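First up is the structure itself, then whatever we jot down about it.
Here is the naming used below: chain letters follow the sequence lines, and residue numbers restart at 1 for every chain. What you are looking at is a predicted structure, and each value in this text was computed from that prediction instead of being measured.
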Amino acid sequence: MTTRSDLPGTYVFDGPSGRRGRPLNRMLQSLRTEGARADFRADEAAYCLRFELSAEQTTAVLERDWQAMLDLGGSIFYIYKLAMMDGRSMQYLGGVFTGMTEAEFTAAMAAGGRTDV
Amino acid sequence: MTTRSDLPGTYVFDGPSGRRGRPLNRMLQSLRTEGARADFRADEAAYCLRFELSAEQTTAVLERDWQAMLDLGGSIFYIYKLAMMDGRSMQYLGGVFTGMTEAEFTAAMAAGGRTDV
Amino acid sequence: MSEVIWGLGTSHVPSIGAAMDRDLTADPKWSPLFDGYAPAREWLAERTPDVAILVYNDHANGVDLDIVPTFAIGTAEQYRVADEGYGRRAVPDVTGDPDLSCHLLEHLVDDGFDLTVFSELDVDHGFTVPLSVWTPDPGDAWPCPVVPIMVNVIRYPQPSAARCYALGQAIGRALASYEGARTVGILGTGGMSHQLAGARAGFVNPEFDRMFLDAIADDPQRLTALHRDEYIRLAGSEGIELIMWLVMRGAMNARVRTVHTAYHVPASNTAAGLALLDNRSAP
Amino acid sequence: MSEVIWGLGTSHVPSIGAAMDRDLTADPKWSPLFDGYAPAREWLAERTPDVAILVYNDHANGVDLDIVPTFAIGTAEQYRVADEGYGRRAVPDVTGDPDLSCHLLEHLVDDGFDLTVFSELDVDHGFTVPLSVWTPDPGDAWPCPVVPIMVNVIRYPQPSAARCYALGQAIGRALASYEGARTVGILGTGGMSHQLAGARAGFVNPEFDRMFLDAIADDPQRLTALHRDEYIRLAGSEGIELIMWLVMRGAMNARVRTVHTAYHVPASNTAAGLALLDNRSAP
Ligand SMILES: [Fe+3]
Ligand SMILES: [Fe+3]
């Protein structure tokens with residue numbers, strides 16, 4: 001997605017992001033059905049190929065590089081579907097994006113959220 | 001479709017028509033692909049059943065009762081897909097709707113259209 | 001004519017629904033949130049409307065990602081609860097009200113709102129969680145038919161807060177000429193401040209949220225004046241969902257009475273809030 | 001800033017495209033129609049814009065029938081020609097202009113138009129026939145990139161003619177601040193009077209059509225004053241497509257010069273018309 005220069009650390013899912021991320025997001029959206037998840041698990045790279053992901057997007061998916069998925073146009077609502085499949089929580093992802101462990105991030109939320117960013 | 005009382009002989013594809021006609025129109029829209037057309041030809045009644053057409057809609061389709069398809073919520077743009085499949089022209093349908101043969105209807109159009117209705 | 005009797009603004013965080021579905025509402029982690037809902041739920045239980053309008057957004061579940069309507073309306077008789085990936089929530093499907101949908105559609109289009117029509121639609125947590133906040137134990141059916149109004153809050157550019165409020169005002173006008181119901185409840189959903197992605201993930205802005213909970217009742221113009229970029233800055237990239245509360249507010253009278261508000265951090269990665277507004281007893 | 005250099009209103013009857021695709025344009029049945037197009041095509045061939053905007057409707061080919069946007073815009077890099085049932089037309093796919101699409105989208109949403117975004121879209125005869133009317137022999141590619149604007153003209157309630165005109169005016173304002181092109185052509189498509197179904201099938205109203213061809217240039221307010229029910233009554237249940245010409249007209253100057261008009265009955269079951277308007281040389 002696009003990081004707006006006037007708002008550091010914030011992705012805005014706009015036209016260019018949507019175009020860049022389209023194959024990735026289509027693939028991720030497809031994971032809503034168990035059949036698709038089974039296909040994906042059987043051969044993740046082949047599944048990415050079927051949705052015409054770019055090489056960078058495929059690598060990001062295979063390596064579960066969540067930050068790279070964002071940078072390559074992924075929308076968090078689609079990315080989360082893969083995280084759910086892996087048994088990862090939104091707190092885990094929050095930790096990844098902010099350089100914290102899941103426990104640290106969860107604790108920060110429990111303490112009232114990150115009010116200083 | 002709904003015939004508006006203030007405009008006799010004219011169908012308006014509105015909410016109630018759309019709801020009533022939905023299974024019929026879905027079935028008709030599906031006929032865009034050759035695979036679907038082959039399935040349909042193989043067993044028209046079964047194909048209609050798969051799209052959950054009402055009994056009246058199924059009968060209208062099987063009997064090519066074009067007027068009944070309109071009355072049961074069919075939109076002309078979907079109905080025409082079935083007509084095309086049967087090798088029927090829009091002039092043929094115009095004749096059916098107006099009690100003319102295809103040749104008569106075509107002649108009426110060639111003479112400048114029906115300006116008196 | 002129909003009358004809006006109440007408006008309910010509420011978060012629609014999936015984990016709120018999950019906590020209810022898994023019977024965790026008495027858990028110390030969750031009980032402060034649900035305790036905050038209690039007075040609103042009691043008040044609402046005695047004021048079931050003939051029909052409700054629920055303003056929400058889809059999260060890549062009910063609508064294909066290639067199609068993003070700014071505003072949409074459902075016209076179906078029934079809305080299925082979406083399977084978002086791991087089975088659908090064990091809550092009832094939603095009964096619609098096609099007659100009201102078509103009335104709203106025609107009036108809103110004539111009023112210059114360019115709605116997209118969904119003849120069929122699966123609804124995700126953005127829709128079912130607010131229903132659960134309103135009605136924790138629906139049994140076999142939600143308390144009344146519900147018409148969905150969908151707003152794009154995910155893809156930039158989202159509609160302006162002022163346009164959302166104007167849509168609500170047009171809904172109010174359309175209801176005034178509707179004969180098919182007497183009483184209407186309206187729900188605006190989403191928020192409060194939160195951001196899921198990026199270095200600012202976990203962002204919460206309690207000052208903004210408190211201001212919003214006051215202003216939604218008494219000074220909505222303060223909220224409609226904010227540009228989408230200000231919502232993203234002040235409430236987070238997902239907190240901009242709060243513009244949907246303004247559709248609800250626009251459908252109500254200029255003066256309303258706040259029945260109850262609640263605010264809690266966190267629900268999952270989000271600040272959760274609730275505002276229940278009475279449309280019939282302003283001072 | 002970009003400037004609209006011309007506007008082209010034209011029917012989009014599928015049989016016009018079929019006649020071209022099957023080399024029947026010199027056939028006595030078809031030659032009067034295509035002879036009428038000739039002066040417009042010559043004028044246009046010397047004035048290829050940097051980009052075009054094409055206002056059209058889909059006919060149950062590119063969009064699922066459960067989803068009906070009042071107004072939509074495509075933001076794709078490429079639009080595939082749809083297979084409407086018997087193979088796609090042998091004409092080039094359409095190159096889009098995502099940069100202009102996003103510019104228009106942002107400005108139109110901020111201007112209070114509630115567009116639906118299509119990130120991907122197949123275009124049917126409603127789109128390709130007007131391109132063929134403009135450019136009979138495109139070779140491998142149409143003369144310039146084209147941005148689709150889609151209007152609901154099939155499902156009641158269609159947007160009002162006045163709203164269509166207002167959308168065009170907003171497009172004009174958005175183009176005035178666009179730096180990515182110098183010259184823009186805009187096409188409004190559909191019509192003229194026709195009705196495909198019911199006892200009134202075959203209806204044609206040449207008086208109305210002649211009035212429309214004059215007024216679209218010189219008195220568009222006469223056309224925006226008509227209610228959708230009047231369009232259906234005067235132009236037929238499918239003739240209401242003519243409201244799409246008003247989007248085109250709204251994007252142009254208050255005064256325009258008519259380069260050429262053409263009118264012929266029939267093309268299939270339809271009255272076919274064309275109006276080519278010069279936006280740069282009003283008296
Ligand atoms: Fe949400
Ligand atoms: Fe058409």
Just so I understand: if I count every heavy-atom pair under 4.5 Å between each of [options] and chain C, which residue has the most?
options	result
D:Asp66, D:Val109, D:Asp114	D:Asp114
D:Ala162, D:Ser160, D:Gly112, D:Pro159	D:Gly112
D:Val68, D:Asp64, D:Leu167, D:Leu105	D:Val68
D:Leu121, D:Val63, D:Asp110, D:Val117	D:Val117

If we count only N and O atoms by modelled type, under 3.5 Å, do the side chains of D:Thr116 and C:Thr116 hold a donor and an acceptor together?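 D:Thr116 vs C:Thr116: donor-acceptor pair found between side chains.
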I'd like to know if the side chain of D:Asp124 pairs up with that of D:Tyr56 as donor and acceptor (distance under 3.5 Å, no hydrogens or angles considered).
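No, D:Tyr56 and D:Asp124 have no side-chain donor paired with an acceptor closer than 3.5 Å.
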Next item on the list: Please check if the side chain of C:Gln195 supplies one atom and the backbone of C:Gly236 the other of a donor-acceptor pair under 3.5 Å.
Entry: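 No; zero donor-acceptor contacts below 3.5 Å.
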| query | Is it true that C:Arg88 and C:Asp93 make a salt bridge, defined as a side-chain N closer than 4.0 Å to a carboxylate O? | reply |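 C:Asp93 and C:Arg88: salt-bridged.
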